[in-house]
Amino acid sequence: QVQLVESGGGSVQAGGSLRLSCAAHKYTNSGACMAWFRQAPGKERQAVAGINTGRGSTYYADSVKGRFTISRDNTKSTLYLQMDSLQSEDTAMYYCAASVEYYCSFNWFKIDFYNYWGQGTQVTISS
């Protein structure tokens, strides 16, 4: 059974940085699409960044472009999200997601594109 386990969340001041990790256990879809989503209280879950783990192509929401970087270490089966210049609006629960699909560009931001989800890690930014 595939299991995604996020870590690295916490509380930082605005302007600071955090790096989230997602360990993917028994996820054998090498080269498929993975992503980070976030959900703030009272709001819908939204895509933050996606990656084609085979080609390395990356995709970002406009709100995080230039500040966040998604990457994947296939040797460690771990997905990362480097978050810099954090703002109060980035406060949310962050979720790792994995798909069985290999073509990400058109659907990477859609919740139902992903088959597996982690439990989430909380990120809180104080101003």
Side-chain angles (χ1 to χ4, degrees):
Q1 182 175 346
V2 174
Q3 186 179 20
L4 304 178
V5 181
E6 302 99 333
S7 62
S11 298
V12 297
Q13 290 190 329
S17 299
L18 282 173
R19 188 176 83 153
L20 306 183
S21 299
C22 171
H25 303 286
K26 298 185 178 180
Y27 178 60
T28 59
N29 298 85
S30 179
C33 309
M34 298 187 74
W36 288 97
F37 283 70
R38 68 186 181 187
Q39 187 168 18
K43 295 189 176 181
E44 294 183 352
R45 190 170 298 191
Q46 297 179 324
V48 174
I51 186 169
N52 179 306
T53 60
R55 298 187 182 91
S57 305
T58 57
Y59 313 91
Y60 295 96
D62 287 343
S63 59
V64 306
K65 279 181 182 176
R67 300 189 299 121
F68 290 12
T69 304
I70 188 172
S71 62
R72 158 89 169 173
D73 185 337
N74 288 331
T75 63
K76 296 181 180 180
S77 297
T78 302
L79 182 72
Y80 300 100
L81 185 68
Q82 177 66 41
M83 305 187 294
D84 299 318
S85 302
L86 284 161
Q87 305 166 358
S88 57
E89 305 86 82
D90 297 317
T91 294
M93 184 72 79
Y94 283 71
Y95 298 91
C96 173
S99 175
V100 300
E101 302 292 340
Y102 293 84
Y103 295 97
C104 317
S105 60
F106 296 113
N107 299 305
W108 74 272
F109 54 92
K110 298 178 181 179
I111 291 174
D112 59 5
F113 183 63
Y114 297 91
N115 305 89
Y116 309 106
W117 292 85
Q119 294 299 307
T121 185
Q122 178 67 39
V123 171
T124 303
I125 311 302
S126 58
S127 55

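Numbering of residues begins at 1 and proceeds along the displayed sequence.
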Is the positively charged end of Arg45 above the ring of Tyr95, judged by distance under 6.0 angstrom from the centroid and angle within 45° of the axis?
yes
Is there side-chain contact between Thr124 and Val12, with at least one heavy-atom pair below 4.5 Å?
no
Taking the side chain as every heavy atom from C-beta outward, state whether His25 and Val2 have any atom pair closer than 4.5 Å.
no
Regarding Arg19 and the six-membered ring of Tyr80, is the cationic atom NZ or CZ under 6.0 Å from the ring centre and inside 45° of its axis?
yes
For the atom pair OG (Ser7) and CG (Leu20), what is the distance rounded to the nearest 0.5 Å?
8.0 Å
Are any non-hydrogen side-chain atoms of Tyr114 and Glu101 less than 4.5 angstrom apart?
no
Any donor-acceptor pair under 3.5 Å linking the side-chain atoms of Asp73 with those of Thr78?
no
Decide yes or no for Leu81 and Phe68: does some side-chain heavy atom of the first lie under 4.5 Å from some side-chain heavy atom of the second?
yes
Look up atom CD in Gln46 and atom OG in Ser63, then write down how far apart they are to the nearest 0.5 Å.
7.0 Å
Between Trp117 and Phe113, is there a shared hydrophobic cluster once you connect ILVMFWY residues whose side-chain heavy atoms come closer than 4.5 Å?
yes
Under 3.5 Å donor-acceptor, Arg55 side chain and Ile51 backbone:
no
Give a yes or no answer on whether the side chain of Thr91 reaches the backbone of Ile125 with a donor-acceptor pair at less than 3.5 Å.
yes
Which of parallel (below 30°), tilted (30 to 60°) and perpendicular (above 60°) describes Tyr59 and Trp108?
parallel
Checking Thr53 side chain against Ala32 main chain: does a donor-acceptor pair fall under 3.5 Å?
yes
Between Arg38 and Asp90, is any pair of side-chain heavy atoms under 4.5 Å apart?
yes
Looking at SG of Cys104 and NZ of Lys110, how far apart are the two atoms once the value is rounded to the nearest 0.5 Å?
13.0 Å
Answer yes if Val100 and Leu4 sit in the same cluster of Ile, Leu, Val, Met, Phe, Trp and Tyr residues linked by side chain heavy atoms under 4.5 Å apart, and no otherwise.
yes
Between Gln122 and Met93, the two heavy atoms sitting closest are N-SD, 3.5 Å
Please walk me through it: do Tyr27 and Met34 pass side chain to side chain contact (heavy atoms under 4.5 Å, CB included)?
CA-CA 11 Å; Tyr27 178 60; Met34 298 187 74; 3.8 Å; yes
Please assess Trp36 against Cys96 for the test side chain to side chain contact (heavy atoms under 4.5 Å, CB included), listing each intermediate value before the final yes or no.
CA-CA 5 Å; Trp36 288 97; Cys96 173; 4.0 Å; yes
Measuring centre to centre across the rings, with the benzene-like ring taken for any Trp, is Phe109 within less than 6.0 Å of Phe37?
no
Sidechain-backbone polar pair: Asn52 side chain, Tyr102 backbone, donor-acceptor under 3.5 Å:
yes
Using every non-hydrogen atom in the two residues, find where Ser127 and Ala14 come nearest and quote the distance to one decimal.
CA-CB, 4.2 Å
Heavy-atom donor-acceptor pair, Ser99 side chain to Cys33 backbone, under 3.5 Å
no
Which value, rounded to the nearest 0.5 Å, describes the distance between Lys26 atom NZ and Gln1 atom CD?
8.0 Å
Starting from the C-alpha separation in whole Å, work towards a yes-or-no answer on side chain to side chain contact (heavy atoms under 4.5 Å, CB included) for Val5 and Gln119.
CA-CA 7 Å; Val5 181; Gln119 294 299 307; over 6 Å; no
On a heavy-atom basis, which atom in Ala61 and which in Ala47 lie closest, and how many Å separate them?
CB-O, 3.5 Å
Nearest heavy atoms of Glu6 and Gly118, plus distance in Å:
OE2-CA, 3.2 Å
Checking Thr121 side chain against Gly9 main chain: does a donor-acceptor pair fall under 3.5 Å?
yes
So SG of Cys22 and CD1 of Ile70: to nearest 0.5 Å the spacing works out to 9.5 Å
Should Ser71 and Gln82 be marked as a side chain to side chain contact (heavy atoms under 4.5 Å, CB included) after you check the CA-CA gap, both sets of side-chain angles, and the distance that decides it?
CA-CA 8 Å; Ser71 62; Gln82 177 66 41; over 6 Å; no
